[in-house]
Amino acid sequence: NAGVTQTPKFQVLKTGQSMTLQCAQDMNHNSMYWYRQDPGMGLRLIYYSASEGTTDKGEVPNGYNVSRLNKREFSLRLESAAPSQTSVYFCASRVSRGTNEKLFFGSGTQLSVL
Amino acid sequence: GQQLNQSPQSMFIQEGEDVSMNCTSSSIFNTWLWYKQEPGEGPVLLIALYKAGELTSNGRLTAQFGITRKDSFLNISASIPSDVGIYFCAGQVGDYGGSQGNLIFGKGTKLSVKP
């Protein structure tokens, strides 16, 4: 089992460029999440998708869009990258039934915006 | 919104020493989780706690869900070099469903172990 797979692992963008971070999970989880991690800030939720066909804003959604393409895939798009979006991005997934709260993370995408 | 205060921010210890870290909140949580993150990787779940007062162990790790439901601690006994990493606490306020079911993360405790 691959678990949660994120691509790319590293990316450098110029201010104003756009890109899409890809995420796929093979655990048949209903819910998927995008977090960003900044030094001293912990993990902050950008967007989440509680189930296929739904997406909702998290704590820091500005400057991002998401697409839940199907049950497996949840992408994060930066339409016009800004230096403030330099961060490490993590995708995560979990089962949504009952109170199963265990979140499984991908290995991250390190993004630098110059 | 809810916040978790995790302390200490960092720890430098000698191999073999015990470690203790904790998280506190002004809000009540239904679930507490502890994660470990190694360099270049995503966080990995160590322990999950579901009931106030619950004490759970995973090898040399022990975590407790505070009686008030507003705090949790993680202890690591007899630390070894591979314990190095960042440890995060995370809490869930409500049952799954809607934003209340989302996890809130502490800012992490960076652990360094000197051989």
Side-chain angles (χ1 to χ4, degrees), chain A residues 2-10 21 23-25 27 29-51 54-61 87-111, chain B residues 1-10 21 23-25 29-51 54 56 58 63 65 69 72 85-110:
Chain A
V4 180
T5 304
Q6 288 182 239
T7 55
K9 184 77 172 173
F10 300 96
L21 280 64
C23 176
Q25 53 91 10
M27 296 175 282
H29 286 170
N30 291 326
S31 303
M32 298 185 74
Y33 303 78
W34 277 104
Y35 289 87
R36 61 177 288 173
Q37 183 178 29
D38 302 291
M41 298 294 291
L43 290 153
R44 293 184 293 170
L45 183 63
I46 304 171
Y47 269 94
Y48 67 101
S49 171
S51 61
T54 69
T55 61
D56 285 286
K57 294 178 180 179
E59 181 185 355
V60 289
S87 187
V88 181
Y89 291 84
F90 289 99
C91 178
S93 71
R94 70 178 184 182
V95 175
S96 68
R97 285 181 290 280
T99 56
N100 187 331
E101 64 304 302
K102 295 174 185 174
L103 206 57
F104 295 86
F105 286 87
S107 58
T109 296
Q110 190 168 317
L111 175 66
Chain B
Q2 294 94 3
Q3 283 191 329
L4 289 183
N5 299 309
Q6 186 171 351
S7 64
Q9 280 188 315
S10 61
M21 59 191 78
C23 274
T24 62
S25 173
F29 286 90
N30 286 343
T31 303
W32 284 96
L33 305 174
W34 284 92
Y35 285 84
K36 178 188 177 186
Q37 183 182 25
E38 296 186 5
E41 298 297 328
V44 174
L45 182 67
L46 298 174
I47 292 179
L49 302 160
Y50 305 104
K51 289 166 46 177
E54 180 181 357
T56 297
N58 178 5
F65 192 142
R69 294 167 62 194
S72 177
I86 302 176
Y87 292 79
F88 291 99
C89 63
Q92 179 172 313
V93 175
D95 292 335
Y96 189 83
S99 62
Q100 291 295 303
N102 291 334
L103 290 176
I104 299 164
F105 284 83
K107 294 182 179 180
T109 295
K110 186 174 182 179

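Computation of the quantities below employed the complete heavy-atom set of this structure, encompassing side-chain atoms and omitting hydrogens, waters and symmetry-equivalent molecules. In what follows, chains carry the letters A, B, and so on, assigned in the order in which the sequence lines appear, proteins first and then strands, with residues in each chain numbered from 1.
- Rounding to the nearest 0.5 Å gives a distance of 4.5 Å between OH of Tyr35(B) and CG of Leu103(A).
- The choice from Gly106(B), Gly40(B), Gly108(B) that makes the most heavy-atom pairs within less than 4.5 Å of chain A is Gly40(B).
- When heavy atoms are compared at a cutoff of 4.5 Å, Leu45(A) approaches chain B solely by way of its side chain, counted from C-beta outward.
- For the set Gln6(B), Gln9(B), Glu41(B), the entry with the most heavy-atom pairs within less than 4.5 Å of chain A is Glu41(B).
- Considering only heavy-atom pairs separated by less than 4.5 Å from chain B, the leading option among Gly40(A), Cys91(A), Ala92(A) is Gly40(A).
- Taking both residues in full, the closest heavy atoms of Gln37(A) and Phe88(B) are given as NE2-CZ, 3.1 Å, listed atom of the first, atom of the second, then distance.
- In this structure, the portion of Gln37(B) lying under 4.5 Å from any heavy atom of chain A is its side chain and not its backbone.
- Scored by the ring pair (Phe, Tyr, Trp, His ring centres under 6.0 Å) test, Tyr89(A) finds Tyr64(A) as partners (sequence neighbours excluded).
- In this structure, Asp56(A) has no salt bridge (charged side-chain N to carboxylate O under 4.0 Å, His left out) partners at least two apart in sequence or on a different chain.
- Other residues, nucleotides and ligands place more than 12 heavy atoms under 6.0 Å from the NZ atom of Lys9(A).
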